Amino acid sequence: MAQKPDGFAEAIKRLRAAKRLVVFTGAGISAESGIPTFRDNGGLWQTFPPEKFASWKGLLRIAALNPRQLAEFLIAVLEPVAIARPNAAHQAIAQLEKYVSTTVITQNVDGLHQEAGSIRVREVHGSFFKIVTLRGRFLHRLVRDDLRRIVERLQRTRSGLFKLPRLGLALRPMIGLSFAAIKRPKIVLFGDALAEPDWTHSQTDMDSCDVVLVVGTSGLIYPAAWLPQRARQRGATVITIDPSEPGDSDIWLRGQAGELVPPLVRGAFECSGEG
Ligand code: OAD
């Protein structure tokens, strides 16, 4: 990137001085991996309004009234995740652990931070890849290929006469009966408590870090959105990378994650000339 945004050199300085770093991410970090965000133009909630689609109750209602629409929603959600690869921003964040004590706290359920190599990742809104019982007891993990197969089967439900049992069969690796329990992905929808133990650990992380790098979140969904402010109130520096202006931040680097995160990491830790 030729032209660096205002604040870039200062962000490098603060990052280089960090003793404990938290990277807090939202849907924007995965946008360049092809996963649409929720609230931008073309975002998921524009086609599928959250009042109808963002709660278990809403989804059950749609399953009963309009199962074909539920299949369309599931394809829209799962297909981009099933074929996504980590982008340059995920990869640069994974490099940070080599230089400074780093925890990634993400609101995303796409598993891309782990796939890029980040070790300490808190998934406060859960994950498509963790399958749990209705009460949240861990059962097993899926891999990205499982999601691909689910999407292929969901797509086949579109052809011919739509039948609800075919939808159930398509989703079987993720949702349905498993031995004596009903299984589901460990994802947090509206009205749910945040995913534990990640949520509790995230609050502790915010109480002991000195820099928070926020990437690609509108900061509109609470309680996760409180996390950076919790650290800032104690004196931690909050650096935000986002094309849109954030609410509270010490340094705002305006732009895309894939363009700004890699040179920021390089500048802070890999070559002192950047910035
Ligand atoms: P949003 O869709 O609310 O916000 C996406 C943010 O990413 C915006 O601030 C964009 O400006 C920014 N953005 C877009 N492209 C970007 C890029 N290439 N690089 C960097 N930033 C970019 O998504 P979240 O803030 O993640 O929760 O949404 C928070 C929660 O709301 C989600 O976890 C989900 C949703 O409802 C639940 O469903 C519980």
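If you read the sequence from its start, that first residue is 1, and numbering goes on from there. All values derive from a computational prediction rather than experimental measurement. Numbering of ligands and ligand atoms starts at 1, following listing order.
The nearest heavy-atom contact from the protein to atom 14 (C) of ligand 1 is D40 OD2, 3.3 Å. Ranking protein heavy atoms by distance to atom 11 (O) of ligand 1, first place goes to D242 OD1, 2.5 Å. Residue, atom and distance of the protein heavy atom nearest to atom 28 (O) of ligand 1 are R39 NH1, 3.2 Å. For atom 17 (C) of ligand 1, the closest heavy atom belonging to the protein is G28 O, 3.3 Å. With respect to atom 15 (N) of ligand 1, the closest heavy atom belonging to the protein is A31 CB, 3.9 Å. Among all non-hydrogen protein atoms, the one lying nearest atom 26 (O) of ligand 1 is A27 N, 2.7 Å. In terms of protein heavy-atom proximity, atom 3 (O) of ligand 1 is nearest to S218 OG, 2.5 Å. Closest to atom 37 (C) of ligand 1, if we only count protein heavy atoms, is F190 CE1, 3.8 Å.
Between the side chain of R16 and the backbone N or O of G267, at least one donor-acceptor pair lies under 3.5 Å. Without hydrogens or angle criteria, R184 side chain to R135 main chain gives no donor-acceptor distance under 3.5 Å. Remark: side-chain polar atoms of Q203 are paired, donor with acceptor, to backbone N or O of W199 under 3.5 angstrom. Without hydrogens or angle criteria, T157 side chain to Q155 main chain gives no donor-acceptor distance under 3.5 Å. The backbone N or O of I119 lies less than 3.5 Å from a partner atom in the side chain of E97, making a donor-acceptor pair.
Looking at ligand 1, you'll find an N or O of A257 within less than 3.5 Å of one of its N or O atoms. Checked by distance only, ligand 1 and I29 stay at 3.5 Å or farther apart across all their nitrogen or oxygen atoms. Close N/O approach between F38 and ligand 1 is found [any backbone or side-chain N/O within under 3.5 Å]. Considering both main-chain and side-chain atoms, N108 never comes within under 3.5 Å of ligand 1 through any nitrogen or oxygen pair.
The ring-ring contact (aromatic ring centres under 6.0 Å, His included) with F53 is formed by just one residue from the set F190, W45, F48; it is F48. Results of the side chain to side chain donor-acceptor pair (under 3.5 Å) test with R122 over D205, T204, T106, T200 single out D205 as the only residue that passes. Of the candidates I75, L171, L74, L171 is the only one forming a side-chain contact (heavy atoms from CB on, under 4.5 Å) with I150.
Distances shorter than 4.0 angstrom do not occur between any heavy atom of L220 and any atom of ligand 1.
Distances below 4.0 Å separate heavy atoms of W45 from the following atoms of ligand 1: 35 (C), 36 (O). Listed by atom number, the atoms of ligand 1 under 4.0 Å from E32 heavy atoms are 17 (C), 18 (N), 19 (N). Shown in contact with S244 at under 4.0 Å from a heavy atom are these atoms of ligand 1, numbered in order with element: 11 (O). Every atom of ligand 1 is numbered from 1 in the order shown, and the set under 4.0 Å from a heavy atom of Q107 is 29 (C), 33 (O). Below 4.0 Å from some heavy atom of G26 lie the following atoms of ligand 1, by number and element: 26 (O).
With a 4.0 Å heavy-atom cut-off, ligand 1 is reached by the backbone of Q256 and by its side chain too. Within the 4.0 Å heavy-atom criterion, the part of I221 lying near ligand 1 is the side chain and not the backbone.
Among P246, G255, G191, P243, the residue whose heavy atom lies closest to atom 21 (N) of ligand 1 is P243.
Judged purely by distance below 3.5 Å, without hydrogens or angles, the side chains of T25 and H90 never pair a donor atom with an acceptor atom. Using a 3.5 Å distance cut-off with no hydrogens or angles, the side chains of E270 and Q95 do not pair a donor with an acceptor. Side-chain contact check for T237 and D250: no donor-acceptor pair (N or O, by modelled atom type) lies under 3.5 Å.
Note that NZ of K183 and CG of L134 are 12.5 Å apart. Values are rounded to the nearest 0.5 Å.
By the rule that hydrophobic residues join a cluster once side-chain heavy atoms approach within less than 4.5 Å of another member, V265 and I29 end up as members of one cluster.
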